[in-house]
Amino acid sequence: MFEFRILSSDPSSNARCGIFSTPHGDFTTPCFMPCGTKGAVKTLTPDELKTLNCEILLSNTYHLMLRPGGDFLKSVGGLHKWMAWDRPILTDSGGFQVFSLATLRKITDEGVTFQSHIDGSTHHLTPEKSIELQEQIGADIIMAFDECPPGGCDYDYAEKSMKRTHDWAKRSLKAKKRTDQALFGIIQGGIYKDLRTESAKFISDLNLPGIAIGGVAVGEPKPYMQEVLETTCPLLPKDRPRYLMGIGEPSDIVMAVSQGIDMFDCVLPTRLARHGSFWTHETGRETITASKYTSGTKPIEENCNCYTCKNFVTSYLRHLIIEKEILGHRLLTIHNLHFLLNLMGEIKEAIGKNEFQKVFKKYALIQ
RNA sequence: GGGCCGGUAGCGUAGCCUGGUUCAUCGCGCGUCCUUGUCACGGACGAGAUCGCGGGUUCGAAUCCCGUCCGGCCCG
């Protein structure tokens with residue numbers, strides 16, 4: 001049911017192009033998964049996502065647990081039906097919220113106690129509970145419950161949280177009942193090579209249909225991400241997709257693909273859009289509120305095929321963002337997602353034609 | 001002709017009565033930067049007024065007094 005086939009490989013790097021099959025259809029890799037944290041990619045409809053060639057979405061267990069709740073989602077037939085998205089979905093386990101909502105929680109080997117960021121109510125999340133919720137939500141790919149320590153944490157804590165993550169991965173696997181969902185394990189270990197090595201081997205040995213690398217871009221110095229990938233990727237089974245969690249800067253994506261990563265997710269394109277920023281191939285990351293766009297009469301990118309660039313000029317987009325018009329958020333979100341999903345398309349095409357290095361260079365400096 | 005209210009950065013305002021660590025508040029706007037498994041259409045920083053104008057009182061005035069200009073309103 002969860003076949004992963006490698007379609008082509010790049011001879012000049014570890015990049016590969018593949019296809020992963022799920023109950024809601026196939027998606028091709030390397031892929032980028034827009035974040036639909038609370039059951040929606042902020043500001044866009046499912047149809048618009050399809051127009052952007054989005055093949056798979058990410059959603060989030062922690063947020064859906066608080067509202068509307070797992071029981072409810074199960075009662076309405078699962079998230080796909082509820083949000084009217086019939087393509088694959090991956091749910092994060094809530095592990096990242098253990099990190100990002102750090103002031104509101106307490107972690108033990110048993111699990112995590114959270115204060116809801118919504119109303120302060122107390123919630124408990126364990127590997128078993130996370131898997132149960134993810135089965136109620138019904139995503140095609142579900143994630144093991146992990147602990148994502150801060151990037152700057154010391155060796156002892158990185159080791160402790162890695163071991164806890166390993167234990168939780170085993171418990172996640174054991175708790176899993178449904179057979180129509182693929183459980184991915186998560187590698188941790190901070191910035192420490194021996195821990196990453198140990199974690200890569202441990203998670204690989206669980207023989208899961210996919211493997212994720214977590215705990216990067218969480219505050220550690222930038223060069224460590226590539227180092228982690230160089231340490232980790234060679235140890236992973238080649239016939240399983242590798243998912244680098246939370247990564248979305250174009251330069252990071254091409255770097256990670258060259259190391260053999262197949263899947264990405266990131267809030268960057270959608271969040272940047274809502275904060276008035278966007279990417280261009282020429283100049284990288286830009287801010288639409290910059291005064292130079294006050295009377296701009298050209299689109300963000302003249303030769304971009306997205307709906308936004310086909311129809312609107314920068315002065316209008318700037319106006320919308322400054323006026324806090326929702327349409328501004330939508331239009332920049334469309335452009336940014338188009339930019340990233342188009343990048344993934346270029347990568348896939350290039351790998352098939354042995355031209356990956358060209359794409360690598362094109363995006364190497366875009367953050 | 002008489003009376004009242006108001007005149008502080010691009011805009012809207014606080015302070016004025018009880019004059020001095022407020023030579024100036026806050027919001028919007030403006031500018032720059034930040035943003036990587038989304039708490040966050042969010043966050044940080046910055047530029048910008050000498051307080052309508054003139055004079056007086058005082059050691060010291062946006063703050064009190066006089067005059068004057070501008071805007072609005074009211075009564076003749």
Side-chain angles (χ1 to χ4, degrees), chain A residues 32-43 56-64 66-67 89-105 114-120 130 134 139 141-149 151 165 184-188 210 212-220 222 224-225 243-253 255-256 261 263-279 285-294 318-333 336 340 366-367:
Chain A
F32 177 79
M33 303 180 279
C35 287
T37 301
K38 303 177 188 175
V41 174
K42 295 185 194 301
T43 77
I56 172 171
L57 292 184
L58 174 141
S59 195
N60 184 274
T61 302
Y62 169 75
H63 292 283
L64 294 176
L66 296 181
R67 288 197 296 224
I89 296 175
L90 177 151
T91 41
D92 188 21
S93 62
F96 185 71
Q97 279 62 43
V98 176
F99 161 71
S100 64
L101 301 173
T103 55
L104 305 173
R105 50 78 168 149
F114 288 93
Q115 296 273 115
S116 162
H117 68 278
I118 297 170
D119 61 5
S130 176
Q134 293 189 78
I141 299 173
I142 63 177
M143 300 304 298
F145 190 57
D146 69 324
E147 182 189 356
C148 178
T165 293
F184 283 21
I186 302 175
I187 295 165
Q188 288 291 350
I213 297 169
V216 295
V218 284
E220 79 283 9
K222 188 110 184 167
Y224 279 109
M225 181 168 15
Y243 163 28
L244 182 61
M245 306 187 78
I247 293 310
E249 291 183 3
S251 57
D252 286 337
I253 288 177
M255 180 279 290
I261 296 295
M263 299 169 64
F264 300 89
D265 80 281
C266 193
V267 301
L268 212 51
T270 46
R271 181 189 283 165
L272 284 180
R274 281 176 281 112
H275 294 172
S277 296
F278 58 89
W279 286 297
R285 202 184 288 186
E286 294 264 352
T287 306
I288 195 68
T289 53
S291 50
K292 64 180 172 179
Y293 294 118
T294 303
R318 179 177 190 273
H319 169 76
L320 293 180
I321 291 296
I322 285 172
E323 294 304 324
K324 297 183 170 30
E325 288 287 347
I326 292 168
L327 182 59
H329 299 302
R330 278 172 46 68
L331 294 177
L332 287 185
T333 298
N336 285 349
L340 272 198
I366 299 179
Q367 297 188 305

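Below, chains carry the letters A, B, ... as their sequence lines are ordered, and counting in each starts from 1.
Nucleic acid contact for A:Q188: base, since at least one base atom lies under 4.0 Å from a heavy atom of the residue. Note on A:T289: only backbone sugar-phosphate atoms sit closer than 4.0 angstrom, heavy atoms only; bases stay farther off. The residue A:N60 sits close only to the backbone: its heavy atoms come under 4.0 Å of sugar-phosphate atoms, none of a base. Among the heavy atoms of the strands lying under 4.0 Å from A:I247 is at least one base atom, whether or not backbone atoms are also near. Contact annotation for A:K38: backbone-only contact, meaning every heavy-atom pair under 4.0 Å involves sugar-phosphate atoms and none involves a base.
You'll find that the side chain of A:L272 is closest to B:rU35, out of B:rC30, B:rU35, B:rC41. Relative to the side chain of A:T294, the nucleotides B:rC39, B:rU32, B:rG31 differ in distance, and B:rG31 lies closest. Nearest to the side-chain atoms of A:F96 among the listed nucleotides B:rC39, B:rG29, B:rG37 stands B:rG37. Ranking B:rU32, B:rC39, B:rC30 by closeness to the A:R318 side chain, first place goes to B:rC30. Side chain of A:I322, nearest nucleotide from B:rG29, B:rG37, B:rU35: B:rG29.
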Per-residue pairing states of RNA chain B in dot-bracket (Watson-Crick or G-U under 3.5 Å; . unpaired, | other strand) read (((((((..(((.......[.....))).(((((.......))))).....(((((..]....)))))))))))).

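For a distance-only test at 3.5 Å, the side chain of A:S277 qualifies as a donor-acceptor partner of the base of B:rU35. Looking at A:H329, its side chain comes within 3.5 Å of the base of B:rC41 through a donor and an acceptor atom.
Taking atom C1' in both B:rG31 and B:rG72, the straight-line distance is 35 Å, to the nearest Å. A distance of about 34 Å separates the P atoms of B:rG15 and B:rU32, rounded to the whole Å.
Contact annotation: A:T287 side-chain N/O to B:rU32 OP1/OP2 distance is not under 4.0 Å. Contact annotation: A:R285 side-chain N/O to B:rU35 OP1/OP2 distance is under 4.0 Å. Contact check, A:S291 against B:rU32: a side-chain N or O comes under 4.0 Å of OP1 or OP2. Contact between the side-chain N/O atoms of A:R105 and the OP1/OP2 oxygens of B:rC39 is not found at any separation under 4.0 Å.
Nearer to the 5' terminus of RNA chain B, by closest-nucleotide assignment, is the contact made by A:K222 (compared with the other of A:I326 and A:K222). Sequence order on RNA chain B of the closest nucleotides to A:I321 and A:I186 puts A:I186 first from the 5' end.
Ring orientation note: the planes of A:H117 and A:H63 are nearly perpendicular, at an angle over 60° on the 30°/60° scale.
If you measure from atom NZ of A:K324 to atom P of B:rG27, you get 13 Å, rounded to the nearest angstrom.
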